[in-house]
Amino acid sequence: MKTIKGKLTVVYIALIMIILVVGAVSVLNVYTLGKSIDGLITDNYKSIDAVDKMRRAIDAQDRGILKYLQGEKEEAVELFYQNNDQFNTWYYFEKYNITENGEEDMVKKVNTKYVQFNKMLSELQEKDNVSANDFYKKDITPTLNELKTDLDALSELNEKAMFDKKQLTSSSAEHSIYIIFIVSISAAAVGLFLSVIFTNKFIRPIYLLINAVKSVKEGEVNKQAAIVYDDEIGLLAREFNNMTYRLYEFEKSTKGTLLAEKNRSTSIIKSISDPLMVLDSSFKIKFVNDACESFFGIDEESIFNKHFLQVVKRVDLYDYVFKVVSEGNEDEGEIIDIKRNNKTYFFNVTTRPIKDKDLKIDGVIVLFKNVTELKQLEMLKTDFIGTVSHELKTPLTSIMMGVGLLKNNKVGSLNEKQLRIIETFQEDVEKLNELVSNLLKISKLETDRAVFDIEPCNILDVINKSVEGYTELLQEKRLSVYYELSENLPNVMADHEKVTWVLNNIISNAIRYTEKGYITIGAYSDENKVYIYVKDTGRGIPFKYLEKIFDKFVRVEGVQIMPESTGLGLSIAKEIVEAHGGEIWCESNVNEGSKFTFTLPIESRVNQ
Ligand code: ADP
C-alpha cells in the first residue's frame, strides 16, 4: 500500500475486524447464557409442575377412596377416574420430558407403582365394607405412600437439576462478562496501538515538510524536504523540492544578473569624465565617481554619508538641487563657477531624482558638466566683439562726420551724382554704426550685468515715454495706437533706461512690420510680475521663427524692409529682460499680426 488512502483503509479494516471479533464474542456469550437460562426455566420446571399435578391427582383419587369407603360409591368412582385421566396426562408429559440422569428409571418406577395402585382399586370394589377398610389400611395406603415418595424423589431430582443449572448459568454469565471484558480491553489496546503507530507514521513526513517550508520562509531557499514514503506526502515533498530548487536557481541567476548589472552601471558611472555624485533622499553622499574624487580632491570612503553641503560648500547649488528634487522644479541646469588651484571652472549642474518602486524619491544624481572651455570661448568671443566694436567706433564716427560735412557742402559743393553717392555712403555708415553700437551693447550686457541700475519704476511712465518718441513715425504710416492697461498696476523693479530700450525696440519693430491697421500696447499683473505686450496687425512671423528671432542676427527670410535690419534688437531685448529675472516671448500669425510680451518682477516680490 503506497498511498495514504490505502494505508488508512488497512487501518480502518483492522479496526473494523477488531470490533467484529468483540461483537462476535459478545453475541456468542449472550447466546450461550440465554440457552442455559432457557433450559433452566422450561424443562426442569415443567417436570416439577407435571409431578406436582400427578401428585394432586393421586391425592384426589385417595380422597375418592375415602368417599367410597363412606358409601358415596358413585361419586367416588367418578372422582377416581377423572383424576386417573389427569394423572395419565401429566405422566405422559413427564415421560417425554426426561432431561436428567436416572429420571427415566424414576418415571418407570412411578408407573409401576401407579399401575399397582390402580389394580388395588379394582380389588377394592370387589370387597365388602369391612375387608375394604382393612384392605385400604393395610395395602392401598402403603402403596400410595411409596408412590408419593417416588413422585417426591422425581420432583427433587428436577429441583436439584434446576438449582445446579442456575449455578451454572451464574458462573457462565460471570465467565461471559470476563471474556467480553478481556476481549474489549485487548481490542482497545490493539486499536490504540495501531492508531499511535500509524498516526506517527503518517504525521512524521508532514512535520518534516513543515520544517522545510519554515526554513525556506527564513531564507534557506535551497532547503530540500525528506521524502519518507512514496505516498501523497512524498509526492508533495518531491514537488516542494522541485520548487525550492527552481527558486534557488532563479535567485542565483537573478542575483548574478543584478550583480553584473550593478558592476556595469558602476563602471559606466565611474568612467564618466565629468564629476558625478549620488545622494540619498536626505542629501547624504552615497557614491562619487573618479572624476568627482579627483576634481574635489576627496575620496569616496571619507565623504561617504556626509551631507552634500559639507563637501560642495555651495548653498546656491544645494538650493537648486533641492528645488528640482523636492519641489519638482524644471531641471534647466545651473551654471556655477568653482575656484580650484587658482583657476575658475564652470559647470552646468544637472540633477535627476532616483525613484523607488512606489515612485517616491529615494535619491538624487548630481552631474557637474564641465563647461569651462565653452565659457572661456564665449568670454573670448564677447571680448573680441567688444574690442572690435570699440575699435571700429572711432573711425566710424570720423567717417560719419566726414560724410556729413561732404553732404552738407561744408567742404565745397557736390554735383547731383556725387551727392547721391555720398547719401548711399551715409546710409551704409549709419547702418554700420548701428550694428557696432548694438554689438557693443550686447558685449557689455554679457560681460557685466552689474551695470544695471535696478530700482522701483512705474511701467506706465516707460510706455508713455516710449510711444511719445514714435508719434511722427506713427502719423507717417497712418497707424493708430490703442491701450489696454490694467488699473493700479504695481511698480516694477527695473533699470528704467534699459526697459525703455526694450519697449522701443518692440514698438519700432511693430511699426516697421505693419503696413496698415493699428498697434495695441497693454499691461497687466499677477501676484509676482507685470506683463507688458505690444500687438500689431502687420505681416506676422512664421511659426518656425517664433523662438529663433530672439537669437543674434536672425531675421525672417524674404522680408526686405529698408533700412535693412541687423537682427540684433530682439536678442538684446531678451538679454535685458532675463537680466531682470523676466521672460520674453512672441505669439504671431502670418498676415494677421504679432504680439510680443515680456515680464518684469513687481516691487513687493523683489523686496520679500
Ligand atoms: P532688427 O533689429 O533687425 O529688427 P530684431 O531682432 O528686432 O532685428 O528682429 C528680428 C527679426 O524678427 C526681424 O528681422 C523681423 O524679421 C522679425 N520681426 C521682429 N518684430 C516683428 C514684428 N512685429 N512683425 C513681424 N516681424 C518682426
Side-chain angles (χ1 to χ4, degrees), residues 378 380-448 451 465-477 479 495 497-515 536 538-539 541 545 548-576 596:
E378 199 180 282
L380 213 65
K381 184 197 76 186
T382 311
D383 279 356
F384 173 75
I385 291 173
T387 318
V388 170
S389 311
H390 194 260
E391 291 303 317
L392 283 175
K393 197 73 184 159
T394 322
L396 262 178
T397 314
S398 65
I399 293 172
M400 271 170 67
M401 274 174 63
V403 170
L405 289 173
L406 280 173
K407 195 187 158 195
N408 295 331
N409 294 327
K410 294 273 162 65
V411 283
S413 56
L414 301 172
N415 62 29
E416 195 62 18
K417 221 174 174 182
Q418 288 166 333
L419 195 66
R420 256 188 282 128
I421 292 170
I422 287 296
E423 272 172 3
T424 318
F425 261 14
Q426 196 181 28
E427 266 175 32
D428 283 348
V429 169
E430 271 173 8
K431 205 184 115 190
L432 202 59
N433 188 44
E434 165 106 6
L435 175 69
V436 168
S437 308
N438 281 340
L439 282 174
L440 259 177
K441 195 171 273 165
I442 275 196
S443 74
K444 223 171 178 181
L445 283 172
E446 282 176 356
T447 47
D448 195 3
V451 294
K465 203 174 146 198
S466 187
V467 177
E468 229 177 68
Y470 291 99
T471 323
E472 252 176 65
L473 202 58
L474 285 163
Q475 275 173 1
E476 227 175 78
K477 289 194 82 170
L479 295 171
D495 181 324
E497 195 190 321
K498 295 207 170 58
V499 171
T500 309
W501 192 94
V502 172
L503 201 57
N504 279 349
N505 196 269
I506 297 174
I507 293 174
S508 77
N509 275 350
I511 298 170
R512 200 163 180 215
Y513 298 107
T514 304
E515 295 314 317
D536 63 52
R539 63 181 64 237
I541 302 166
Y545 282 99
K548 283 194 215 156
I549 48 168
F550 295 100
D551 292 341
K552 290 180 195 102
F553 304 110
V554 173
R555 290 171 296 181
V556 176
E557 271 173 33
V559 180
Q560 296 293 335
I561 291 223
M562 295 309 287
E564 226 178 273
S565 63
T566 57
L568 282 173
L570 285 177
S571 66
I572 296 172
K574 190 173 185 232
E575 270 305 321
I576 294 173
F596 283 82

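- Taking 4.5 Å as the limit, every side-chain heavy atom of Phe596 sits out of range of all side-chain heavy atoms of Leu503.
- Here the OG1-CG distance, from Thr387 to Leu392, works out to 10.5 Å after rounding to the nearest 0.5 Å.
- Note that CG of Leu419 is 4.5 Å distant from CD of Glu423, once rounded to the nearest 0.5 Å.
- How far CG of Leu396 is from OG of Ser437: 8.5 Å, rounded to the nearest 0.5 Å.
- Distance alone, capped at 3.5 Å, places no donor-acceptor pair between the Asn433 side chain and the Val429 backbone.
- Heavy-atom contacts from other residues, nucleotides or ligands closer than 6.0 Å to CZ of Phe425 number 12 or fewer.
- Side chain to side chain, Ser389 and Lys441 fail the donor-acceptor criterion of an N or O pair below 3.5 Å.
- Remark: the backbone N or O of Gln418 is paired with a side-chain donor or acceptor of Asn415 at under 3.5 angstrom.
- Side chains of Leu474 and Thr471 form no contact here, defined as non-hydrogen atoms less than 4.5 Å apart.
- Cation-pi check for Lys381 over Phe384 is not met; the charged atom does not lie both under 6.0 angstrom from the ring centroid and within 45 degrees of its normal.
- In this structure, Thr424 contributes its side chain and Arg420 its backbone to a donor-acceptor pair below 3.5 Å.
- One side chain, Asn504 or Ser466, offers a donor N or O that lies under 3.5 Å from an acceptor on the other.
- Heavy-atom minimum distance, Asn505 versus Leu570: OD1-N, 3.8 Å.
- Here the CZ-CG distance, from Arg555 to Leu568, works out to 9.0 Å after rounding to the nearest 0.5 Å.
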So Gln426 and Met400, side chain to side chain contact (heavy atoms under 4.5 Å, CB included) or not? Walk me through it.
CA-CA 7 Å; Gln426 196 181 28; Met400 271 170 67; over 6 Å; no
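- In this structure a side-chain-to-backbone donor-acceptor pair under 3.5 Å is missing from Asn408 to Lys410.
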Could you walk me through whether Val403 and Ile399 satisfy the side chain to side chain contact (heavy atoms under 4.5 Å, CB included) test, starting with their C-alpha distance in whole Å, then the side-chain angles of each, then the deciding distance to 0.1 Å, before giving a yes or no?
CA-CA 6 Å; Val403 170; Ile399 293 172; 4.1 Å; yes
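- A 6.0 Å sphere centred on NZ of Lys393 holds more than 12 heavy atoms belonging to other residues, nucleotides or ligands.
- Between Ile572 and Trp501 the shortest side-chain heavy-atom distance falls below 4.5 Å.
- In this structure, CD1 on Ile507 lies 11.5 Å from CG on Leu473, to the nearest 0.5 angstrom.
- Within the 3.5 Å criterion, the main-chain N or O of Ile511 finds no donor-acceptor partner in the side chain of Thr514.
- Taken from CG in Leu479 to OH in Tyr470, the straight-line distance is 13.5 Å, to the nearest 0.5 Å.
- For the pair Phe550 and Lys574, the tightest heavy-atom approach, listed with the atom from each and the gap, is CB-CD, 3.5 Å.
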